[in-house]
Protein chains: 2
Amino acid sequence: MNKSEIPHLLRGDQNPPEKLIVREPLVIDDFKRIIRDMGLKVTKQRMGILKSLNQGRVHVTAQEVFEEVSQEYPDMGFATVYRFLRKLTEKNFVTEVRLGGQAARYELTPKQHHDHITCVRCGRIVEFQNLEIEQLQEEVAVENGFRLTHHVLELYGICGDPNCHQTN
Amino acid sequence: MNKSEIPHLLRGDQNPPEKLIVREPLVIDDFKRIIRDMGLKVTKQRMGILKSLNQGRVHVTAQEVFEEVSQEYPDMGFATVYRFLRKLTEKNFVTEVRLGGQAARYELTPKQHHDHITCVRCGRIVEFQNLEIEQLQEEVAVENGFRLTHHVLELYGICGDPNCHQTN
DNA sequence: CATTTAATTGAAATTAGTTGTCAAAAGAGC
DNA sequence: GCTCTTTTGACAACTAATTTCAATTAAATG
C-alpha cells in the first residue's frame with residue numbers, strides 16, 4: 001500500500017491535505033452566483049430555498065422546502081417556492097423527480113446522472129447508476145425511430161433495511 | 001402437411017371449424033365475466049367503460065373514457081369512471097401509466113409486459129419490450145438489497161414520424 | 001445615501017385531477 | 001315483483017400546482 005493512500009489522520013500528518021478543507025463561507029456566495037447567473041434578483045427567500053435544497057435531505061417536496069424555509073422566514077408563501085423551483089428546474093440547477101401520482105420531489109441536479117429505487121414499504125430512496133441500462137435505452141429509442149431526449153426509470157421494491165417498516 | 005393444418009376455406013369444408021368462428025357477441029359476455037369475477041355487479045356504466053377501454057385507443061385518460069361512454073349514457077358521472085378504473089387497476093385488469101405530472105392514462109393490462117417511449121413534440125406513444133433492461137433492473141435491485149416489485153420506465157424523445165409536429 | 005424602476009413577493013383565488021359523501025336508483029337473488 | 005345491498009350521479013372537498021395583483025423590495029443610478 002502506497003503511503004499516499006493512507007488517510008492523513010492515520011499517517012500522522014500535521015495538517016490534512018488542502019482538498020479536504022471545508023469551505024463553509026463560500027457556499028452562500030455560490031448560491032448568489034447561481035441566482036444571478038439565472039438573471040434573477042437575490043432575495044432571502046431564494047437564498048433560503050437553495051440552502052434548504054443544499055443541506056437538507058435530497059428528494060424533498062415543495063411543501064417540505066416551504067416548511068423548512070418558513071422556520072427562518074415565517075412570512076413566506078408557497079407560491080415563491082413553486083415559482084423558484086420551476087425556474088431552477090428550467091435552468092437545470094434542480095431536477096424534478098416524480099413518483100407515481102404523488103407530489104413532485106426535487107434535488108440539486110447531480111453531476112452524475114442517476115435513477116432511483118424506492119422502497120414501497122418504508123419510502124427509503126436509493127440512487128443508482130447503470131450505464132448498461134442507459135446504453136440499452138439509447139438502442140431502444142433508435143430501433144423505434146426516436147432521438148432520445150430523456151427518460152424516467154424508477155424501480156420499486158422492498159428493501160432489506162432492518163428499520164424498514166411503516167417508517168413513512 | 002396434415003389435412004387438418006390446411007385452412008378450412010382452402011380445404012373446401014362446408015362449415016368452418018368451431019374455433020375459427022368469430023364470436024362477436026361473446027365479447028360482451030367476457031366483460032360481464034370480468035366484472036363478476038371482481039365480485040361486482042354488472043351495470044351499463046361498467047360495461048361501457050370496459051367497452052371503451054377495449055375498442056378505443058390505448059393510453060386513454062379517465063376524462064377521455066368519461067367522454068366516450070357519455071355519448072351512449074349521457075347521465076353518467078366522472079366519479080363512476082374513476083371508481084371503476086381504480087378497481088380495475090387494483091385487480092390488475094387495467095394498468096395505470098403516469099407520464100410526468102400529467103393525468104393518469106389507462107390501458108387493458110397487456111399479456112406481455114411493455115414500457116413506453118413518448119414523443120415530446122407530438123405526444124405519440126410507442127410500446128416496446130426489452131428483456132435485457134428488465135434483467136438489469138433485477139440485478140440493480142439485488143445489488144442494493146431490494147426485492148423488486150415493479151418499475152416505471154418511460155423514454156422520451158423526438159420521433160421521426162413525418163406527421164410529427166404539434167399534433168398534440 | 002436617496003431615488004427610481006422593474007422584479008419579486010405573499011395572500012388569495014383558480015385550476016386540474018381525483019376522491020369522498022350521501023340520498024336516490026338499480027342489480028340480483030328469491 | 002320484492003327485498004336487500006351495491007352502485008350511482010351530483011356535488012362538495014381535496015391536493016398539488018399555478019395565476020393574479022397590489023404591496024414590497026432589490027439594485028441600478030444619480
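By convention in this document, chain letters (A, B, ...) are assigned in the order of the sequence lines, proteins followed by strands, and residues within each chain are numbered from 1. In this text, all values refer to a predicted model and were calculated from it rather than measured experimentally.
The side chain of R46(B) contributes no N or O atom lying less than 4.0 Å from OP1 or OP2 of dG27(C).
By the 4.0 Å N-to-carboxylate-O rule, E96(A) lies too far from R86(A) to be salt-bridged with it. Salt-bridge formation is detected for the pair K51(B)/E72(B): a Lys NZ or Arg NE/NH1/NH2 atom is positioned less than 4.0 Å from an Asp or Glu carboxylate oxygen.
Atom P of nucleotide dG29(C) and atom CG of L40(B) are separated by 14 Å, given to the nearest angstrom. Note: CD (E64(A)) to C1' (dA16(D)) measures 14 Å, nearest angstrom. dT9(C) atom C1' lies 10 Å from atom CG of D75(A), rounded to whole Å. Atom CD1 in I35(B) sits roughly 17 Å away from atom P in dT6(D) (whole-Å rounding). Note: CZ (R36(B)) to C1' (dT5(D)) measures 16 Å, nearest angstrom. dT18(D) atom P lies 16 Å from atom CZ of F66(A), rounded to whole Å. Rounded to an integer number of Å, the gap from Y73(A) OH to dA26(D) P is 11 Å. Rounding to whole angstrom units, CG of residue L88(A) and P of dT8(C) are separated by 12 Å.
I35(A) and K41(A) make their closest contact through CG2-O, 3.4 Å (heavy atoms, listed as atom of the first residue, atom of the second, distance). Summarising the geometry of L108(B) relative to V94(B), their closest heavy-atom pair is CD2-CG2, 4.0 Å, with the distance given to 0.1 Å.
For E139(A), the CD atom is densely surrounded, since the number of other residues' heavy atoms within 6.0 Å is greater than 12.
The ring of H151(B) has its center closer than 6.0 angstrom to the ring center of H113(B).
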Discussion item. What does the B/S/- profile of nucleotides 12-26 of chain C look like, 5' to 3', with a 4.0 Å heavy-atom cutoff to protein?
Written reply: -----SBBBB-----
